[in-house]
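We count residues from 1, following the sequence as given.
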Amino acid sequence: MTHPLHSMIVHFPIALSAVGLLFVVLALVQGSTAMEEAAFVCILLTAITGLLASFSGYRDVIVRFDGEASYVGAKAFLGVTMVLLSGAMAFARVRWPRLLWNPSTMILYVAGFAVVAMLSGVLGFLGGVILYGF
(Lines give C-alpha, C1' and ligand atoms only; values in the text may rest on other atoms or scores of the structure.)
Protein backbone atom coordinates (compact mmCIF):
# COMPACT_ATOMS: atom_id res chain seq x y z
CA MET A 1 0.00 0.00 0.00
CA THR A 2 1.26 3.48 -0.83
CA HIS A 3 1.46 6.41 1.54
CA PRO A 4 -1.67 8.59 1.60
CA LEU A 5 -0.64 11.78 -0.20
CA HIS A 6 -3.93 13.54 0.40
CA SER A 7 -3.54 13.72 4.17
CA MET A 8 -0.17 15.47 3.73
CA ILE A 9 -1.36 18.01 1.16
CA VAL A 10 -4.86 18.84 2.41
CA HIS A 11 -3.70 20.97 5.33
CA PHE A 12 -2.33 23.64 3.01
CA PRO A 13 -5.59 24.81 1.39
CA ILE A 14 -7.37 24.59 4.74
CA ALA A 15 -4.82 26.82 6.47
CA LEU A 16 -4.35 29.16 3.51
CA SER A 17 -8.09 29.78 3.15
CA ALA A 18 -8.47 30.59 6.85
CA VAL A 19 -5.43 32.88 6.88
CA GLY A 20 -6.61 34.53 3.65
CA LEU A 21 -9.94 35.36 5.31
CA LEU A 22 -8.08 36.77 8.30
CA PHE A 23 -5.84 38.90 6.07
CA VAL A 24 -8.72 40.30 4.00
CA VAL A 25 -10.61 41.29 7.16
CA LEU A 26 -7.46 42.88 8.61
CA ALA A 27 -6.92 44.70 5.31
CA LEU A 28 -10.39 46.21 5.59
CA VAL A 29 -10.04 47.11 9.26
CA GLN A 30 -6.57 48.63 8.87
CA GLY A 31 -6.93 49.90 5.30
CA SER A 32 -3.74 47.99 4.53
CA THR A 33 -2.80 47.20 0.95
CA ALA A 34 -0.07 44.87 2.23
CA MET A 35 -2.67 42.77 4.06
CA GLU A 36 -4.85 42.73 0.95
CA GLU A 37 -1.90 41.52 -1.14
CA ALA A 38 -1.21 38.80 1.45
CA ALA A 39 -4.88 37.76 1.23
CA PHE A 40 -4.57 37.56 -2.55
CA VAL A 41 -1.48 35.34 -2.29
CA CYS A 42 -3.35 33.11 0.16
CA ILE A 43 -6.37 32.70 -2.12
CA LEU A 44 -4.11 32.00 -5.11
CA LEU A 45 -2.20 29.36 -3.13
CA THR A 46 -5.50 27.96 -1.86
CA ALA A 47 -6.57 27.35 -5.46
CA ILE A 48 -3.25 25.72 -6.37
CA THR A 49 -2.92 23.53 -3.29
CA GLY A 50 -6.66 22.75 -3.40
CA LEU A 51 -6.17 21.41 -6.91
CA LEU A 52 -3.27 19.26 -5.69
CA ALA A 53 -5.37 18.07 -2.73
CA SER A 54 -8.23 17.19 -5.10
CA PHE A 55 -6.05 15.05 -7.34
CA SER A 56 -4.35 13.38 -4.40
CA GLY A 57 -7.75 12.75 -2.77
CA TYR A 58 -9.02 11.11 -5.93
CA ARG A 59 -5.88 8.96 -6.03
CA ASP A 60 -6.25 7.96 -2.39
CA VAL A 61 -9.90 7.00 -2.85
CA ILE A 62 -8.88 4.66 -5.65
CA VAL A 63 -5.73 3.27 -4.02
CA ARG A 64 -6.69 3.17 -0.34
CA PHE A 65 -10.48 2.78 -0.42
CA ASP A 66 -10.93 0.80 -3.66
CA GLY A 67 -13.04 3.65 -5.06
CA GLU A 68 -15.61 3.41 -2.26
CA ALA A 69 -15.33 5.96 0.54
CA SER A 70 -18.25 7.47 2.43
CA TYR A 71 -19.12 11.04 1.42
CA VAL A 72 -16.76 10.85 -1.56
CA GLY A 73 -19.35 12.42 -3.85
CA ALA A 74 -19.98 15.31 -1.47
CA LYS A 75 -16.25 15.82 -0.97
CA ALA A 76 -15.62 15.81 -4.71
CA PHE A 77 -18.38 18.36 -5.34
CA LEU A 78 -17.29 20.64 -2.48
CA GLY A 79 -13.61 20.30 -3.38
CA VAL A 80 -14.17 21.22 -7.02
CA THR A 81 -16.38 24.12 -5.91
CA MET A 82 -13.67 25.38 -3.54
CA VAL A 83 -10.96 25.15 -6.21
CA LEU A 84 -13.11 26.88 -8.84
CA LEU A 85 -14.21 29.65 -6.48
CA SER A 86 -10.73 30.36 -5.13
CA GLY A 87 -9.30 30.21 -8.65
CA ALA A 88 -11.98 32.59 -9.95
CA MET A 89 -11.28 34.97 -7.08
CA ALA A 90 -7.54 34.92 -7.78
CA PHE A 91 -8.18 35.49 -11.49
CA ALA A 92 -10.57 38.36 -10.78
CA ARG A 93 -8.07 39.95 -8.38
CA VAL A 94 -5.34 39.78 -11.05
CA ARG A 95 -7.66 41.42 -13.60
CA TRP A 96 -9.05 44.02 -11.18
CA PRO A 97 -6.49 44.69 -8.41
CA ARG A 98 -8.80 47.10 -6.55
CA LEU A 99 -11.58 44.56 -5.91
CA LEU A 100 -11.42 44.99 -2.15
CA TRP A 101 -11.32 48.77 -2.28
CA ASN A 102 -14.21 49.19 -4.71
CA PRO A 103 -17.49 49.60 -2.76
CA SER A 104 -19.45 47.70 -5.42
CA THR A 105 -17.25 44.57 -5.18
CA MET A 106 -15.98 44.70 -1.58
CA ILE A 107 -18.77 42.63 0.02
CA LEU A 108 -18.71 39.98 -2.68
CA TYR A 109 -14.91 39.66 -2.51
CA VAL A 110 -14.87 39.27 1.29
CA ALA A 111 -17.83 36.87 1.11
CA GLY A 112 -15.85 34.79 -1.38
CA PHE A 113 -13.04 34.44 1.15
CA ALA A 114 -15.55 33.41 3.81
CA VAL A 115 -17.22 30.82 1.56
CA VAL A 116 -13.85 29.32 0.54
CA ALA A 117 -12.81 29.09 4.21
CA MET A 118 -16.13 27.46 5.13
CA LEU A 119 -15.87 24.99 2.24
CA SER A 120 -12.38 23.98 3.30
CA GLY A 121 -13.55 23.54 6.89
CA VAL A 122 -16.44 21.30 5.81
CA LEU A 123 -14.09 19.34 3.56
CA GLY A 124 -11.70 18.83 6.46
CA PHE A 125 -14.54 17.68 8.69
CA LEU A 126 -15.79 15.20 6.07
CA GLY A 127 -12.24 13.91 5.65
CA GLY A 128 -12.11 13.24 9.37
CA VAL A 129 -15.44 11.43 9.17
CA ILE A 130 -14.11 9.24 6.36
CA LEU A 131 -10.99 8.31 8.32
CA TYR A 132 -12.30 8.14 11.88
CA GLY A 133 -16.08 7.83 11.60
CA PHE A 134 -18.66 10.00 13.29
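In summary, the side chains of S17 and S120 do present a donor paired with an acceptor at a separation below 3.5 Å, with no hydrogens or angles considered.
Two residues are said to be in side-chain contact when any heavy atoms from C-beta on lie closer than 4.5 Å; R93 and I43 fail this criterion. In this structure the side chain of K75 reaches within 4.5 angstrom of the side chain of I130, judged on heavy atoms. Side-chain contact between F55 and I9 is absent, with no heavy-atom pair separated by less than 4.5 Å. Side-chain contact between L126 and L78: present, with at least one pair of heavy atoms (C-beta onward) separated by less than 4.5 Å. Y71 is listed as a side-chain neighbour of V129, based on a closest heavy-atom distance under 4.5 Å. The shortest distance between side-chain heavy atoms of M35 and V29 does not fall below 4.5 Å.
Criterion: ILVMFWY side-chain heavy atoms under 4.5 Å apart, direct or through other members. Under it, F77 and V61 are not part of a common hydrophobic cluster. Taking hydrophobic clusters as Ile, Leu, Val, Met, Phe, Trp and Tyr residues chained together by side-chain heavy-atom distances below 4.5 Å, L100 does not share a cluster with F91. Taking hydrophobic clusters as Ile, Leu, Val, Met, Phe, Trp and Tyr residues chained together by side-chain heavy-atom distances below 4.5 Å, V19 does not share a cluster with V24. The hydrophobic clustering, which links ILVMFWY residues whose side-chain heavy atoms are closer than 4.5 Å, places L16 and V25 together. Hydrophobic clustering, with ILVMFWY side chains joined whenever heavy atoms are under 4.5 angstrom apart, keeps L99 apart from L22.
Heavy-atom minimum distance, A39 versus G20: CB-O, 3.7 Å. Across all their heavy atoms, M82 and P13 have their closest contact at CE-CB, 4.0 Å. Shortest non-hydrogen contact noted between L21 and A114 is CD1-N, 3.8 Å. Closest non-hydrogen pair, G124 versus I14, comes out as CA-CD1, 4.1 Å.
In this structure, CZ on F40 lies 7.0 Å from OH on Y109, to the nearest 0.5 angstrom. Taking CZ of F23 as the start and CD of Q30 as the end, the distance is 10.5 Å to the nearest 0.5 Å. The structure places CH2 of W96 at 11.5 Å from CG of N102, a figure rounded to the nearest 0.5 Å. Rounded to the nearest 0.5 angstrom, L28 CG and W101 CH2 are separated by 5.5 Å.
Exactly one of T46, V83, V80 qualifies for a side chain to side chain contact (heavy atoms under 4.5 Å, CB included) with L51. That residue is V83.
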